[in-house]
Amino acid sequence: SRLKKGLSKTRKGITEKVDVILKSYKKIDEELFEELEEVLITADVGVNTTMRIIEDVKDKVKERKITEVEEIRELLKEELKEILTEVDENISLNIEPSPAIVLVVGVNGVGKTTTIGKLAYRLKNEGKKVLIAAGDTFRAAAIEQLTEWSNRAGVDIIAHQEGADPAAVIYDGIQAAKARKSDVLICDTAGRLHNKKNLMNELNKIFRIVEREYPEATKEVLLVVDATTGQNAVLQAKTFKEACDISGIVLTKLDGTAKGGVVLAVQSELKVPVKLVGVGEKIYDLQDFDPDNFVEAIFS
Ligand code: GDP
């Protein structure tokens, strides 16, 4: 599958090393766990999450009186799956019932525009009436690119000029979505993170417009982060979580990165489910995140 292919570097970075380590030990001891710890940290699982994984595996070894080194592999898999499903069993997009509004937040360059295009395309193919609102008005290029993506996806877009008030764009998007009876309104937002207070003010203004103008809409707030940035993606996610209520995470550029372990760090440190993953630059390269498939893809 595309996911498996995309994760081949992560697989090399985790599974291959884990297997080498497990083969080189005859009995389970502290040194073995230290080596496993290092592999996970190197694969961008993050220090806290790694510690937790290793502690949990140690506990299971004790509880189940495990003595065979090779059984550690299954315990690791089990542990990773647990982390990826503990936040929310149901990690599908929150867009039912219609109408729904999806606010997409994230810093520039992470793949926000591309993700909105892919998502619009996908929802349209599922038979939904989709509308996009170009709420990132700070760069003319952002509006142009989003317009191109809306054309590719075959959905309408509401856009203002560069420099317009983002909240006004979202307001117009909501009125248009109501008038056209759209099922899903996908809103882009500005992605400047240089000042947390500004970011918060801007996002809050947009959230207030949504509460006031579209209270009947089912709401999803998706944060887009770039997997190739590793632990930086975790830091970004933390900042956004402080600025607004995120309900789901999209992890982009999971194809070809060795930092796939960041999925675990994001999920366990933020307690927000990863809902979608970007696995390429094409319009169809957006997948539902499936914890089982993910763990199988890196441990195969
Ligand atoms: P934005 O500034 O956050 O809106 O980012 P863009 O959507 O313009 O994307 C930035 C770059 O990342 C572009 O070159 C995209 O083609 C690329 N990109 C976005 N998502 C993915 C993905 O899932 N995989 C890969 N390989 N590239 C991606």
Side-chain angles (χ1 to χ4, degrees), residues 1-11 44 93 102-123 130 132-153 155 157-160 162 166 169-170 173 186-194 199 202-203 206 221-230 232-237 239-240 243-244 246 248-263 266 274-290 293-294 297-298:
S1 71
R2 288 187 70 79
L3 182 68
K4 207 165 156 184
K5 207 170 140 225
L7 285 169
S8 63
K9 281 190 192 151
T10 301
R11 180 163 64 243
D44 267 280
L93 273 190
V102 180
L103 294 160
V104 185
V105 304
V107 302
N108 296 331
V110 293
K112 204 153 47 84
T113 311
T114 310
T115 298
I116 293 171
K118 290 170 173 175
L119 184 60
Y121 173 78
R122 173 182 162 163
L123 295 176
V130 180
I132 293 175
D136 184 356
T137 58
F138 291 90
R139 299 173 303 153
I143 303 172
E144 274 164 35
Q145 277 163 24
L146 197 59
T147 305
E148 270 172 39
W149 274 104
S150 73
N151 289 337
R152 261 176 239 155
V155 309
I157 183 166
I158 302 297
H160 290 189
E162 179 186 2
V169 179
I170 305 303
I186 309 177
C187 303
D188 191 10
T189 62
R192 300 166 313 152
L193 197 69
H194 56 249
L199 174 81
E202 226 160 71
L203 291 176
I206 289 173
V221 183
L222 289 178
L223 169 69
V224 183
V225 288
D226 177 346
T228 64
T229 62
N232 211 4
V234 183
L235 289 178
Q236 268 174 27
T239 306
F240 273 92
C244 62
I246 302 163
I249 290 174
V250 183
L251 206 58
T252 61
K253 311 185 197 179
L254 209 51
D255 51 305
T257 179
K259 302 181 185 223
V262 75
V263 174
V266 162
V274 174
K275 293 192 171 179
L276 298 166
V277 290
V279 292
E281 296 183 279
K282 297 282 187 328
I283 202 161
Y284 46 78
D285 288 328
L286 184 72
Q287 298 186 345
D288 284 327
F289 178 66
D290 180 325
N293 282 350
F294 178 82
I298 55 172

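Both counts, for ligands and for their atoms, begin at 1 and track the order of listing. All figures in this text were calculated on a predicted structure; none of them were measured in a lab.
- Taking distance alone, with nitrogen or oxygen atoms compared against 3.5 Å, Lys112 approaches ligand 1 more closely than that limit.
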Quiz prompt | Residues Asp136, Thr189; criterion side chain to side chain contact (heavy atoms under 4.5 Å, CB included); working and verdict | solution = CA-CA 5 Å; Asp136 184 356; Thr189 62; over 6 Å; no
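- Within the 4.5 Å cutoff, the side chain of Asn108 has no heavy atoms near those of the Val110 side chain.
- Proximity annotation for atom 6 (P) of ligand 1: of Asp136, Val225, Thr114, Thr114 comes nearest, heavy atoms only.
- Close approach to Gly109 involves these atoms of ligand 1, each under 4.0 Å from a residue heavy atom: 1 (P), 2 (O), 3 (O), 5 (O), 10 (C).
- Here Lys118 has side-chain heavy atoms under 4.0 Å from ligand 1, and that is the only part of it that gets that close.
- In this structure, the side chains of Ile246 and Leu222 stay at 4.5 Å or more apart for every pair of heavy atoms.
- Polar contact check, Thr113 against ligand 1: a nitrogen or oxygen pair lies under 3.5 Å apart.
- Regarding atom 26 (N) of ligand 1, its nearest protein heavy-atom neighbour is Asp255 OD2, 2.7 Å.
- Ranking protein heavy atoms by distance to atom 11 (C) of ligand 1, first place goes to Lys253 NZ, 4.1 Å.
- Counting heavy atoms from C-beta outward, Ile116 and Trp149 have side chains that stay 4.5 Å or more apart.
- Looking at Val224 against ligand 1, nothing comes within 4.0 Å, counting heavy atoms.
- Minimum interatomic distance between Arg122 and Gln287 (heavy atoms only, all atoms of both residues): NH1-C, 4.1 Å.
- Below 3.5 Å of separation, one finds an N or O of Gly111 facing an N or O of ligand 1.
- Close approach of ligand 1 to Asn108 (heavy-atom distance below 4.0 Å) involves ligand atoms 2 (O), 3 (O).
- The contact set between ligand 1 and Gly278, taken as ligand atoms under 4.0 Å from a residue heavy atom, comprises 23 (O).
- Residue contact check: Gln145 has heavy atoms under 4.0 Å from atoms 8 (O) of ligand 1.
- Residue-ligand proximity, Val279 to ligand 1, at heavy-atom distances under 4.0 Å covers atoms 23 (O).
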Quiz item: Between Phe294 and Phe289, does a ring pair (Phe, Tyr, Trp, His ring centres under 6.0 Å) hold up when you go through it step by step?
Solution: CA-CA 8 Å; Phe294 178 82; Phe289 178 66; 5.4 Å; yes
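- Of all the atoms in ligand 1, the ones that sit under 4.0 Å from a non-hydrogen atom of Val107 are 3 (O).
- Nearest approach of Val262 to Ala233, heavy atoms of both residues: CG2-CB, 4.4 Å.
- Looking at Asp288 and Lys275, no side-chain N of the basic residue comes within less than 4.0 Å of a carboxylate O on the acidic one, giving no salt bridge.
- Between the Lys9 side chain and the Gly256 main chain, a donor and an acceptor come within less than 3.5 Å of each other.
- With Lys253 as the fixed residue, the side chain to side chain donor-acceptor pair (under 3.5 Å) test singles out one of Thr228, Asp285, Thr229, Asp226: Asp226.
- Ligand-side atoms of ligand 1 in range of Glu281: 14 (O), 15 (C), 16 (O), 17 (C), 25 (C), 26 (N), 27 (N), 28 (C), range being under 4.0 angstrom from any heavy atom.
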Practice problem: Step by step, work out the side chain to side chain contact (heavy atoms under 4.5 Å, CB included) result for Thr114 and Thr252. | Solution: CA-CA 9 Å; Thr114 310; Thr252 61; over 6 Å; no
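- Heavy atoms of Asp285 stay at 4.0 angstrom or farther from ligand 1.
- Annotation: atom 22 (C) of ligand 1 to nearest protein heavy atom, Gly280 O, 3.1 Å.
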